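Everything on this sheet refers to the single structure shown next.
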Amino acid sequence: MEEWQEKILDLVRRNHVEDAVNKAEEMAEDMGNHDEVARFLIGAGAGARCRDENSAILLLEGAEKIAKDNEVKELARRALAMTRT
C-alpha cells in the first residue's frame, strides 16, 4: 500500500472522514491522478459502509467529486445509491 493510501485510511479509521476526503483531494491534485484516488475512496467507502453509513456516504461523495473519468464518477454514484438503500 502506498503512503498516501495509508494516510487516508488512518484518518478514516480514526473517524476523521472529512479530513480523509480533504487529504484525498490534495493527493489527487499533487499526483495528477484523480481517478486512482477516487477509486481508492470508493473502496474505502465500501469498507466503511459496514461500520458507519454516514462515513461511507462522505467518502463516496468525495470520490464522485474527485473523479475525472465518467466511468469512475458513475461507479461512485452506484456505490452511493447502494449505500443509501
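Just so it is clear, the structure is predicted and the values come from calculations on it, not from any experiment.
For Ala38 against Val72, the heavy-atom pair with the smallest separation is CB-CG1, 3.8 Å. Minimum heavy-atom separation, Ile42 to Ala63: CG1-CB, 3.6 Å. Of all the heavy atoms in Phe40 and Leu9, the pair that sits closest is CZ-CG, 3.6 Å. In this structure, Val17 and Ser55 approach most closely via the heavy-atom pair CG2-OG, 3.4 Å. For Ala24 against Leu41, the heavy-atom pair with the smallest separation is CB-CD1, 3.7 Å. Ala20 and Val12 make their closest contact through CB-CG2, 3.7 Å (heavy atoms, listed as atom of the first residue, atom of the second, distance).
Leu80 and Leu75 fall within the same hydrophobic cluster, defined by Ile, Leu, Val, Met, Phe, Trp and Tyr side-chain heavy atoms under 4.5 Å apart, directly or through other members. When hydrophobic clusters are built by joining Ile, Leu, Val, Met, Phe, Trp and Tyr residues whose side-chain heavy atoms come closer than 4.5 Å, directly or via intermediates, Ile8 is grouped together with Ile66.
We find that Glu71 and Arg77 are not joined by a salt bridge, their nearest charged nitrogen and carboxylate oxygen being 4.0 Å or further apart. We find that Asp19 and Lys23 are not joined by a salt bridge, their nearest charged nitrogen and carboxylate oxygen being 4.0 Å or further apart.
To the nearest 0.5 Å, the span separating OG1 on Thr83 from CG on Asp52 amounts to 11.0 Å. Note that the CG atom of Asn54 and the CG atom of Asn15 stand 11.0 Å from one another [nearest 0.5 Å]. In this structure, CD on Glu2 lies 8.5 Å from CE on Met27, to the nearest 0.5 angstrom.
Side-chain atoms of Asp35 come within 3.5 Å of backbone N or O of Asp69 as a donor-acceptor pair. The backbone N or O of Glu18 sits less than 3.5 Å from a side-chain atom of Asn22, completing a donor-acceptor pair.
Proximity of Glu74 to Asn70: side-chain heavy atoms (C-beta onward) are nowhere separated by under 4.5 Å. Proximity of Trp4 to Asp30: side-chain heavy atoms (C-beta onward) are nowhere separated by under 4.5 Å.
Each of Glu29, Arg39, Glu25, Lys65 was evaluated against His34; a single residue qualifies, Glu29, per the side chain to side chain donor-acceptor pair (under 3.5 Å) test.
Around atom CE of Met31, more than 12 heavy atoms belonging to other residues, nucleotides or ligands sit under 6.0 Å away.
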